[in-house]
Amino acid sequence: MAEESPVPQAPPSPRSEQSPSVLRWSEPPEGPVVVLLDQRRLPEEEAELVCTDAPALVEAIRSLAVRGAPLLGIAGAYGVALAAARGFDVDEAADALASARPTAVNLARGARRAQRAFRAARAAGADRAAAAGATLAEARALHAEDAAASAAMAAHGAKLLDGLLPGGGHRLLTHCNTGALVSGGEGTAFAVALAAHRAGRLRRLWVDETRPLWQGARLTAWEAARRQMAYTLLADNAAGSLFAAGEVDAVLIGADRIAADGAVANKVGSYPLAVLAHHHRVPFVVVAPLSTVDLATENGAAIEVEQRAGHEVTEVRGRGGLAVPLAPLGTRAYNPAFDVTPPGLISAIVTEAGVVTPVTAEGLAALCASSRQATMS
Ligand SMILES: CSC[C@H]1O[C@H](OP(=O)(O)O)[C@H](O)[C@@H]1O
């Protein structure tokens with residue numbers, strides 16, 4: 001393949017580079033709400049989804065109107081704050097939000113953190129309104145922490161790539177969507193590619209379409225176009241030929257849960273990319289905040305992988321959400337939302353606290369410990 005083959009490049013998005021708000025708290029006269037950018041409607045529509053209670057937010061999480069590990073943690077926390085502010089049962093809301101999707105550890109962490117804030121305030125004698133205020137403050141703190149983590153990961157990741165790939169521009173392949181749509185900031189893996197772009201070091205961003213829900217084709221392409229990045233979309237099963245043609249300098253992916261041994265659960269299709277990268281001696285880099293590291297889960301086998309409905313594979317949802325059958329009626333489908341990549345296939349894990357490479361249980365534990373010390377000092 002010619003190095004600069006005339007791959008079709010979408011015209012820069014006419015919209016400003018600034019992404020619309022992905023998730024925000026609002027207090028209209030009729031009462032507090034959580035307002036989401038409905039990711040099911042992108043890229044054709046930037047539609048908002050207004051959630052007035054935790055069950056509405058649970059449904060938004062389950063249907064991927066809001067998605068992506070770090071943002072799920074933020075949504076979980078605001079969902080508990082919403083229950084507290086509207087006088088609903090906070091424990092019930094926290095339980096429902098924490099279990100809305102099983103794999104991304106951030107979701108339960110965010111919901112429980114807000115629940116603890118509410119309980120602590122009440123235990124300290126705060127009335128319901130004050131406790132609700134403390135819960136909202138905790139959700140906002142988590143939101144801000146994730147934005148800061150995103151910026152730090154972008155810096156650490158860009159520096160790592162410059163060290164791994166001296167000279168010339170980077171040709172980076174990414175899977176699923178890991179930009180501002182999954183984050184309080186500019187994302188995880190995508191934020192590293194964006195940093196390379198801003199530094200004039202991004203030659204090509206190869207974007208896996210990411211079947212069956214097309215997070216790459218619908219969301220990463222939308223984000224890359226807004227940022228006027230040099231990106232090219234590909235079918236998931238075309239990635240192998242890119243590696244074979246020597247067109248990939250590094251793979252960048254996010255994570256939904258990182259086990260204590262460094263195994264990474266991420267969007268299904270990540271593991272085959274790791275095997276391809278290993279075979280072709282291409283760096284395979286995971287970018288995730290420490291809020292995604294779960295030292296209580298020993299290894300990849302212990303991570304619960306969400307199994308989603310078969311219709312997501314057997315049909316395609318067109319514009320307006322119309323379902324168009326692909327497979328014969330009654331076809332059964334295997335639809336794991338994630339897969340697990342063992343640490344031996346991962347070149348580095350980039351977090352806001354620094355980079356773990358090689359990926360070992362000891363290295364991961366040491367980084368988490370040093371980060372805890374830093375935050376306590
Ligand atoms: C860095 S979080 C983004 C992460 O979340 C995606 O899963 P989903 O779209 O099902 O929420 C995917 O695993 C991404 O890597």
Side-chain angles (χ1 to χ4, degrees), residues 22-23 36-40 42 57-58 60-76 100-110 146-147 149-150 152-154 157 172-194 207-223 236 251-258 263-274 284-294 300 303-309 312-313 335-341 346 349-352:
V22 181
L23 180 155
L36 304 169
L37 174 63
D38 189 338
Q39 299 191 28
R40 298 168 298 183
L42 290 172
L57 203 52
V58 166
I61 290 167
R62 286 189 176 140
S63 63
L64 277 73
V66 61
R67 45 156 293 283
L71 190 63
L72 289 176
I74 296 167
R101 290 184 75 193
T103 307
V105 65
N106 306 60
L107 176 55
R109 274 185 175 161
D146 190 70
S150 173
M153 287 187 283
L172 307 175
L173 184 139
T174 193
H175 191 66
C176 198
N177 170 253
T178 59
L181 292 172
V182 304
S183 165
E186 295 187 312
T188 60
F190 184 88
V192 174
L194 183 57
V207 177
D208 268 5
E209 65 180 351
T210 314
R211 285 270 297 142
L213 295 180
W214 317 96
Q215 286 93 330
R218 293 187 303 111
L219 306 177
T220 300
W222 180 76
E223 293 201 86
D236 296 325
V251 177
L252 288 180
I253 65 163
D256 290 80
R257 191 182 294 245
I258 301 174
V264 169
N266 194 57
K267 184 53 53 197
V268 64
S270 299
Y271 172 59
L273 286 177
F284 183 85
V285 178
V286 173
V287 185
L290 290 176
S291 55
T292 304
V293 176
D294 174 17
I303 298 175
E304 182 183 350
V305 172
E306 178 186 6
Q307 299 298 322
R308 291 185 65 86
E312 293 179 350
V313 178
N335 186 20
F338 306 100
D339 58 25
V340 177
T341 299
I346 301 170
I349 295 178
V350 176
T351 78
E352 68 275 31

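Counting starts at 1 for both ligands and their atoms, following the listed order.
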Novice: Return a yes/no value for Arg67: is any of its N or O atoms, backbone included, closer than 3.5 angstrom to an N or O of ligand 1?
Specialist: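 Indeed, backbone or side chain, Arg67 has an N or O that close.
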Novice: Would you mind listing which atoms of ligand 1 come within a distance below 4.0 Å of any non-hydrogen atom of Gly68?
Specialist: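 By the 4.0 Å cutoff, the relevant atoms are 2 (S), 3 (C), 5 (O), 11 (O).
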Novice: Any nitrogen or oxygen of Asn266, main chain or side chain, under 3.5 Å from a nitrogen or oxygen of ligand 1?
Specialist: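 Yes - when backbone and side-chain N and O of Asn266 are compared with those of ligand 1, one distance drops under 3.5 Å.
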Novice: Which residue and atom name correspond to the protein heavy atom nearest atom 13 (O) of ligand 1, and how close is it?
Specialist: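 For atom 13 (O) of ligand 1, the nearest protein heavy atom comes out as Asp256 OD1, 2.5 Å.
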Novice: Not counting sequence neighbours, which residues clear side-chain contact (heavy atoms from CB on, under 4.5 Å) with Arg211? List them please.
Specialist: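 Partners of Arg211 under the side-chain contact (heavy atoms from CB on, under 4.5 Å) test: Glu209, Trp214, Asp236, Val313, Leu326.
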Novice: Find out whether Val286 and Ser270 are in side-chain contact, i.e. whether some heavy atom of one side chain is under 4.5 Å from a heavy atom of the other.
Specialist: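 Answer no - side chains too far apart.
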Novice: Only heavy atoms of Arg101, strictly under 4.0 Å: list the atoms of ligand 1 that pass.
Specialist: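 Contacts of ligand 1 toward Arg101, numbered from 1: 8 (P), 10 (O), 11 (O).
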Novice: Tell me, which protein residue and heavy-atom name are nearest atom 12 (C) of ligand 1, and how many Å apart are they?
Specialist: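 The answer is Cys176 SG, 3.3 Å.
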Novice: Rounded to the nearest 0.5 Å, how far does CD1 of Ile303 lie from CZ of Phe338?
Specialist: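 Nearest 0.5 Å value for the CZ-CD1 distance: 10.5 Å.
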Novice: Give the atoms of ligand 1, by number and element, whose distance to some non-hydrogen atom of Pro70 is under 4.0 Å.
Specialist: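 Near Pro70, meaning under 4.0 Å from one of its heavy atoms, ligand 1 has 1 (C), 2 (S).
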Novice: Which one holds for Gln215 and ligand 1: side chain close, backbone close, both close, or neither close, with close meaning a heavy atom under 4.0 Å?
Specialist: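 Only the side chain of Gln215 comes within reach of ligand 1.
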Novice: Between Arg40 and Ser63, do the side chains contain an N or O donor and an N or O acceptor separated by less than 3.5 Å?
Specialist: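 There is such a pair between these side chains.
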Novice: Identify the protein heavy atom lying closest to atom 2 (S) of ligand 1, giving its residue, its atom name and the separation to 0.1 Å.
Specialist: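 Ranking protein heavy atoms by distance from atom 2 (S) of ligand 1, first comes Ala69 N, 3.1 Å.
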Novice: Could you list the residues that satisfy side-chain contact (heavy atoms from CB on, under 4.5 Å) with Val287, not counting sequence neighbours?
Specialist: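 Scan of Val287 (side-chain contact (heavy atoms from CB on, under 4.5 Å), adjacent residues dropped) gives Met153, Thr188, Ala189, Val192, Leu252, Val285, Val350.
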Novice: For Thr178, is at least one N or O under 3.5 Å away from an N or O on ligand 1?
Specialist: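 No, Thr178 has no N/O under 3.5 Å of an N/O on ligand 1.
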Novice: Can a donor-acceptor pair be found between the side chains of Asn177 and Arg67 at a distance below 3.5 Å?
Specialist: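 Looking only at side-chain atoms, Arg67 and Asn177 do form a donor-acceptor pair, the distance falling under 3.5 Å.
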Novice: Should you measure from each heavy atom of Thr188, which atoms of ligand 1 turn up under 4.0 Å away?
Specialist: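 In order of numbering, the contacting atoms are 1 (C).
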Novice: At what distance, to the nearest 0.5 angstrom, does CD1 of Ile253 lie from NZ of Lys267?
Specialist: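 Answer rounded to 0.5 Å: 11.5 Å.
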Novice: Can you name the atoms of ligand 1, numbered from 1 with element, that are less than 4.0 Å from a heavy atom of Asn177?
Specialist: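 Answer, ordered by atom number: 3 (C), 14 (C).
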Novice: If you compare all heavy atoms of Pro70 against all heavy atoms of Val182, which two are closest, and at what distance to 0.1 Å?
Specialist: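 Smallest heavy-atom distance, with atoms named: CB-O, 3.2 Å.
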